[in-house]
Structure formats: structure tokens, C-alpha cells
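In what follows, chains carry the letters A, B, and so on, assigned in the order in which the sequence lines appear, proteins first and then strands, with residues in each chain numbered from 1. Because only heavy atoms are used, hydrogens play no part in the values below, and waters and symmetry mates are left out as well, while side chains stay in.
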2 protein chains.
Amino acid sequence: MRVSLKDVAAHAGVSIKTVSNVVNNYQHVTPAMRERVQRSIDALGYRPNLAARHLRKGRTGIIALALPELGNPYFAELAAAVIDAAAAHDYIVLLDHTGGRREQEVLVSQGFRARVIDGLILSPIELEPEDLRDQAEVPLVLLGERDYALPYDHIAIDNVAAARAAVRHLIDLGRREIAFIGARRGRSEPAQLRVRGWREELTAAGLPADEGLVAATDGWGHADGADAMARILESGRQPDAVFAYNDPMAIGAMRVLHERGLKVPEDIAVVGFDDVVEGRFGAVTLTSVSPDKDAIGRLAVEAVLARLSGGGELPEPRRVWADYRLVQRESTLGRAAGERSAQG
Amino acid sequence: MRVSLKDVAAHAGVSIKTVSNVVNNYQHVTPAMRERVQRSIDALGYRPNLAARHLRKGRTGIIALALPELGNPYFAELAAAVIDAAAAHDYIVLLDHTGGRREQEVLVSQGFRARVIDGLILSPIELEPEDLRDQAEVPLVLLGERDYALPYDHIAIDNVAAARAAVRHLIDLGRREIAFIGARRGRSEPAQLRVRGWREELTAAGLPADEGLVAATDGWGHADGADAMARILESGRQPDAVFAYNDPMAIGAMRVLHERGLKVPEDIAVVGFDDVVEGRFGAVTLTSVSPDKDAIGRLAVEAVLARLSGGGELPEPRRVWADYRLVQRESTLGRAAGERSAQG
DNA sequence: GGGCGGCTGTATAACGTTGTAAATCGACGT
DNA sequence: ACGTCGATTTACAACGTTATACAGCCGCCC
């Protein structure tokens, strides 16, 4: 068996609690005593048993992070950011993936592992507000695009503004028929902030927001983007620009354009969202909205920890905006040049 | 406070242990009693406290998975496979990323969170055998490419054979100058099984294994592949094929070829490794060695659990081979056609 | 010089669960 | 009817930690 406080106490000839005090850096311990106990700790190679500590303290030191899918590099990079941010506070991260399925999201949000975790960071896709009524045995922080009016902290970039910046960029290039790829099939339209940004910016520019140029999809991967692009082209339309819900979809769309002999950006300009690494190495590099993933991860962790230490009821759930930038690359080369920045 | 066994026991008018017996499906409980206790459990919404259970049982129900980086989609997909496989056994996964830095890998392998986890699945990059001497407070399973002669289970595909299959494929296409991108800089060469496969197959075909066509890199991302490709071209060599350590590097390399006006596969054929989704949607889709990630994840989890239940010393650490296939796509279109399969 | 108060260190009781051993119960064979 | 035996249930003691309350001890003030 491993060495416990009791063993160390016996070895040092002091009480268990004194050892505990040394381990926890309790203030009132004589330097001499601290030294003596520490020597025993080192000699025996003692390390605290977290299960016991957590049982006693009611905290586990673990935060769960529930993401739709790890295959999407945006979420993978975000996960890395959360893990690092949590590590900075001595917290560790338990990873779940929901597949973006409502059932799984509900399960996770209801804390089906509530007894193991201190808090939950959830990036929902299909989750509906009513799924979240009065639960949360642990602090819950929401990430991402949906527009929830719920008593939980919510970390996101300003998706509407970011989408408008992307569409503005395309309009500045002189594009007039701008398709949107990746509206979520079967979900209430207004929830889709990026579609709303697309619509608002077109309208503001005096252009028609032609719903025939909006392609809904079931998923958000390369293949979904490719399907959507193909559907638009087969409908007889040929837009001069495409704004995709995310980078993998944009890249899938570009593949279809390539197959049909359409040149990017000459024939069709393409803008993605998330700025994943992959977009910087295709035959045509991809212009994209680049959310500050590190900030999002950090803010999410901090929000959880604030609730945790906040002794119960913090005044008001906060909606926190992270920064984003629009990074221009080859897929929208043209008149507009360089990188544009915007602050969230 | 939350409801505990004691509360349920009081509510049902029985002893704590009886409730515990019901919860744990203990054999000798009257159906009537079981029913009655269950009703109280449901009424109070009882759920076991894992910290306490684990303190008592010495198991946490958590497996740690330590990967070099989540940004690489191969590892992200592998993580998803491990999470699913663990879930099938009621285990949950704690995710770490080491950045492939030896220091971090040593830290993880030494079980710096040993008190939280029951087992560890580690995919090492820089870790050296001597770092693993006589530790393992918990079962350790190694993943991946390195060739360890150590008393730990090791799950991998046959990297040498897989690399040979890839090179064979290029040779079958008539290619004769085949570069290798992604030898690990500063590490002992023999450890690199994929380089060895490259060398062996060339030699077997009577071709020179020209070390001038091997490019070492520090990392394994798109940018590293691009750098390596650029260095080879700038050295004055122009190979007619490239075999990359992984897909991101292959894609980075293709980007450089594209920039220099070299056509894939006409001028240079390219083969990657890992078969990540991204490779299927570039302007030129990527031929790649496709490891069976689900199998690897499943086998790794099963190996950990076997040690865990194996009452201590299982006879011998096992090296388990997972399957792989070579999937041909546009980047090697030519004489050879279709998909080739190999069994690991 | 007696008492006060600030430092140190200690004994003890939890936290919620499960393993062990013992108590209870009913039925059965003699 | 009584002892026995197996099936069921219970009491109690852990698991390793920290919070609480308290016991010494010292110096210091009046």
C-alpha cells in the first residue's frame, strides 16, 4: 500500500494533522517543524490521495469539457486551450464528446457524472433552452454560437458581428451573390447567428438576402460542405462568393469547386470560420474568421472557477465576448488586401 | 447537501448497507426489499458519490490518455476512439497533451496524477526507454510508433510493414527517387520505424536508400512538412515521389509543390500516413496509410483494464498489432489502381 | 505575579462508501 | 419441538484526508 499521512506522521513523530498542515502550507507551523516533517515526506515519498481529499473537501479538481466532436480541429484546438487554462489553476480536464446530439447534450448537462466533476463547460449544438431548466448541480458554462437567454455564463465571440465582417469583406471585393453554407437543418433559423450576420450585412449593403443561396446541412464536416456546395451549383445558381459556417465546410466546398473547374477566388471567393491550421496549407489558402481560442478557453475556465469559489450565488450570469479577427488569404485575394482586424 | 446512502436508508427504514447492496446489485436481496429501496432511491434522486466509492475501493474509474497534441487530427480521432471504448466499460477519460516534449512525457508517465487515475495510455514521442524504468504505479499502455523493449503493453500498427507498403506502392508507380519527410531531428535514427520501412523497401527493390532524400524536422505539423519539402527542393534534388511521416506534413509538402508549380502526382507523387479526413478534400486528395484507429483505441483500453483486473502480474506484456490499409487517392494516381489492403 | 492573548500542535470527528463479521429470520430434518 | 443451516439484513470498522475545538506554551501588560 502507498504511504499516507499516518505513515509520515509516525516517521516524523508528530500528529497526522501537523503533517496535513505542512502539506497544505498552513500558516502557523514552525520552520523547524516544517523542515522536519518535509524531510519525512521526502524520505517516504508521500503524495496526497486525491480521492480522500476530495471526499473531505467536496471538490474533485476536475472540470468536464463537453464538445460536439474532436475530429473538427477547431474543437481540438479549443480543447487544448481549455486543458492548458485549467492546468494553470491546478485543475484537470475530463473530455466528453456529444456528437452534437441533443440526447447526449442533455445527458451531459444534467451532470450524469456530476459526482466526479466540479464544473462543466459545454459547447452545445442541438441543445434547447428548455433542456437546461433548473438543473446544474455544478457550475455550467456554455460555449459557442447559440443565443441562450439562460441563467448560465456564456463565452463566445460576437458571431453576428464576425459574420457581418466576413460578408462585408466579400462585398468589398465586389461580390454580389454570396451564398451561405451550413445553416443547421431542422433547427429554428433565428438561432443561427452566423446566418443572421450574413443576412444583416447583405441587407445593410442594399443587396438581397436570397434564401435560395442558403444551404442547410446535417453536419459540419468537409463532406457536408461539399454536399452543400454541390447542391447550390446543381440548383442552377452560381454565386460569386461563399461564406461557410466553418473551415472544414469551406474546404469541402472548395474541393467541389475545384472538381467542377471553378477557380477560387477568381470565379468564386470563399470565406470560412474558425481559422484552423488546415486552411493555411491547401492549394488555395483560406480566408477565415479567427476566434481567439486561447481566450475562449481561458475565460471559460475562469468562469467556472469564479462560480466555484463565489460561495454560491454570484450576482448575474455573464455573457463574455472573446476577440476575433478576419484573416485574409488566397481564397479572397482581390482588391481588398492585407489583414483586417476587429475587436469583439 | 446532496442525498447519501444514509438519507435513502432513513427514508426506506432500512440499514445503510442494505441500500448499498441494492445499488451494487448484491445477490442476496429479497425482490420485495429491492423494490422498496429502489423506490426510495428514485424518490430522493440518490446518486452514488464517486469520491467516496473510490476512496473505499481504491479505483477511480478514470483512465488518463496522454497524447502529443490534439491539433493533429489523427490524435483527435484517436482520442474519440479511446473515449468511446472506455465508455463501453464505464470508464471515463482524462485527457492530457504532452506537446511531445520529453519532460512532459516523463511527468505524465511517472503518474503525477497517479492518485486520480486507474491507468494510463501514453503516446510518446521523445520519451526514452530509460525514462520508464521501474515506475508505473498504475498500468501503463504505450501507443504508437516507437520500438520499446519494455515491460509494458504496446499497441501499434506494424509501422515498418506499413511504411514498406507505402514505398512499394510508389515503386509500383514507377517512381525511383523517393524522399522521406519527417525523420525526427536529434533522435536516434533506428527508432524511426517508418524511415526504416522506407529504407528496407528501397533496398529490397534494388534502389539506393539515399539519405540525402531524408528530411528531418522538429515537429509534425503542416508547416514542418512544408519546410522539409522546401529544403529538399532547395538542395537541388527533385525526387519523383515523397513519403511523409504523416498526413499534415504531406499536405504541407503538397502546398510547397503547388507554390513551385510542380504537379502532384504527375511530377511528384505523395503518400501520407494516418488517413485524416483533411486528406480527402484537398485540391489533390491524398493517398495515405490508414491505421484502424477504432481498433487501436479499443485495444488500448482493453489492455489497461486487463491489467487492472488481472490481480497484479499478468504473464507477459503484450505487443498488439492493429490493422492498417493503404488507401490510394489522387496524389498517387497512375498505373497502380484501386485500394490495396494489408493486415497487421 | 497573575492573567490575557497569540502562536503551535494535537485529538477527534466527520466526509460517503463498502468489506467483514455477526445477528436475525424462516424453514427443514429428526 | 429443537438444533441446524442457508438466506437476508445489520452493525461496525475501515479508506485518507481536513475542520473543529481544544490544550500547551510563550511573552507581555498592568
Side-chain angles (χ1 to χ4, degrees), chain A residues 1-41 44-62 90 113-118 137-138 309 311, chain B residues 1-38 40-41 44-62 90 113-118 137-138 311:
Chain A
M1 215 37 214
R2 303 205 177 111
V3 0
S4 74
L5 282 185
K6 184 154 62 168
D7 304 321
V8 178
H11 185 271
V14 296
S15 83
I16 292 181
K17 188 66 215 298
T18 299
V19 181
S20 170
N21 287 339
V22 171
V23 170
N24 292 287
N25 268 316
Y26 181 66
Q27 270 197 335
H28 305 300
V29 180
T30 325
M33 176 61 86
R34 189 180 298 278
E35 161 89 17
R36 174 169 143 212
V37 170
Q38 188 59 53
R39 222 189 297 273
S40 293
I41 289 177
L44 298 179
Y46 167 79
R47 278 186 320 199
N49 176 324
L50 295 186
R53 173 176 291 175
H54 298 153
L55 169 60
R56 181 62 233 217
K57 305 229 285 193
R59 295 266 181 87
T60 64
I62 298 178
D90 286 326
R113 50 190 46 152
R115 297 280 173 144
V116 210
I117 63 173
D118 289 345
E137 303 194 33
V138 298
S309 59
Chain B
M1 217 34 217
R2 302 201 178 114
V3 0
S4 72
L5 282 183
K6 183 154 61 170
D7 304 319
V8 179
H11 184 272
V14 297
S15 83
I16 293 181
K17 189 67 218 292
T18 300
V19 182
S20 169
N21 286 339
V22 171
V23 170
N24 292 287
N25 270 315
Y26 181 65
Q27 271 198 333
H28 304 298
V29 180
T30 326
M33 176 62 88
R34 188 181 299 277
E35 160 89 18
R36 174 168 144 213
V37 171
Q38 188 60 51
S40 293
I41 289 177
L44 298 180
Y46 166 79
R47 279 187 318 202
N49 177 323
L50 295 187
R53 174 175 290 176
H54 298 153
L55 169 60
R56 181 62 234 222
K57 306 227 288 191
R59 294 267 181 88
T60 65
I62 299 177
D90 287 326
R113 51 190 45 150
R115 298 279 172 146
V116 209
I117 63 173
D118 290 344
E137 304 196 32
V138 299

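Distances shown here put every side-chain N or O of A/Tyr26 at or beyond 4.0 Å from the OP1 or OP2 atom of C/dC7. Put simply, A/Arg53 has a side-chain N or O that comes within less than 4.0 Å of OP1 or OP2 on D/dT18. Regarding contacts with the backbone of C/dC15, every side-chain N or O of B/Asn49 stays at 4.0 angstrom or more from both OP1 and OP2. Distances shown here put every side-chain N or O of B/His28 at or beyond 4.0 Å from the OP1 or OP2 atom of D/dA7.
In this structure, B/Lys57 atom NZ and C/dG16 atom C1' are separated by 14 Å, rounded to whole Å. Distance A/Ile41 CD1 to D/dT17 C1': 13 Å, rounded to the nearest Å. Taking atom CD of B/Gln27 as the reference point, atom P of D/dT9 lies 13 Å away to the nearest angstrom. For the pair A/Arg47 CZ and D/dG16 C1', the interatomic distance rounds to 15 Å; values are reported in whole Å. B/Asp7 has its CG atom 8 Å from the P atom of C/dG16, to the nearest Å. In this entry the distance linking CG of A/Leu5 with P of C/dC15 reads 19 Å, nearest Å. Distance, A/Asn24 CG to D/dT17 C1': 9 Å, rounded to whole Å.
Contact check for A/Val8 versus A/His11: no side-chain heavy atoms found under the 4.5 Å cut-off. Two residues are said to be in side-chain contact when any heavy atoms from C-beta on lie closer than 4.5 Å; A/Leu5 and A/Asn49 fail this criterion. At a threshold of 4.5 Å between non-hydrogen side-chain atoms, the residues A/Met33 and A/Asn21 do not count as touching. Side-chain contact between A/Asn25 and A/Arg34: present, with at least one pair of heavy atoms (C-beta onward) separated by less than 4.5 Å. Side-chain atoms of A/Arg53 and A/Asn24, non-hydrogen and from C-beta on, do get closer than 4.5 Å to each other. Contact check for A/Val23 versus A/Ser20: no side-chain heavy atoms found under the 4.5 Å cut-off.
Distance alone, capped at 3.5 Å, places no donor-acceptor pair between the A/Thr30 side chain and the A/Ala32 backbone.
Mapping A/Lys6 and A/Val23 onto DNA chain D via the closest heavy atom, the residue that lands nearer the 5' end is A/Lys6.
Helix bend of the helix from C/dG1-D/dC30 to C/dT30-D/dA1: the angle between its two end axes, each built from five pairs, comes to 60° after rounding to 10°.
Side-chain atoms of A/Arg56 and base atoms of D/dA19 include no donor and acceptor less than 3.5 Å apart.
For the pair A/Tyr46 and A/Val3, the tightest heavy-atom approach, listed with the atom from each and the gap, is CD1-O, 3.4 Å. Closest non-hydrogen pair, B/Arg36 versus B/Gly13, comes out as NH2-O, 3.3 Å. Looking at every heavy atom in both residues, A/Val37 comes nearest to A/Ala12 through CA-CB, 4.5 Å.
A heavy atom lying under 4.0 Å from DNA chain C marks the following residues of residues 10-21 of chain B, by number: B/Ile16, B/Lys17, B/Ser20. Shown for residues 29-36 of chain B: residues whose heavy atoms fall under 4.0 angstrom of DNA chain D, namely B/Val29, B/Thr30, B/Met33.
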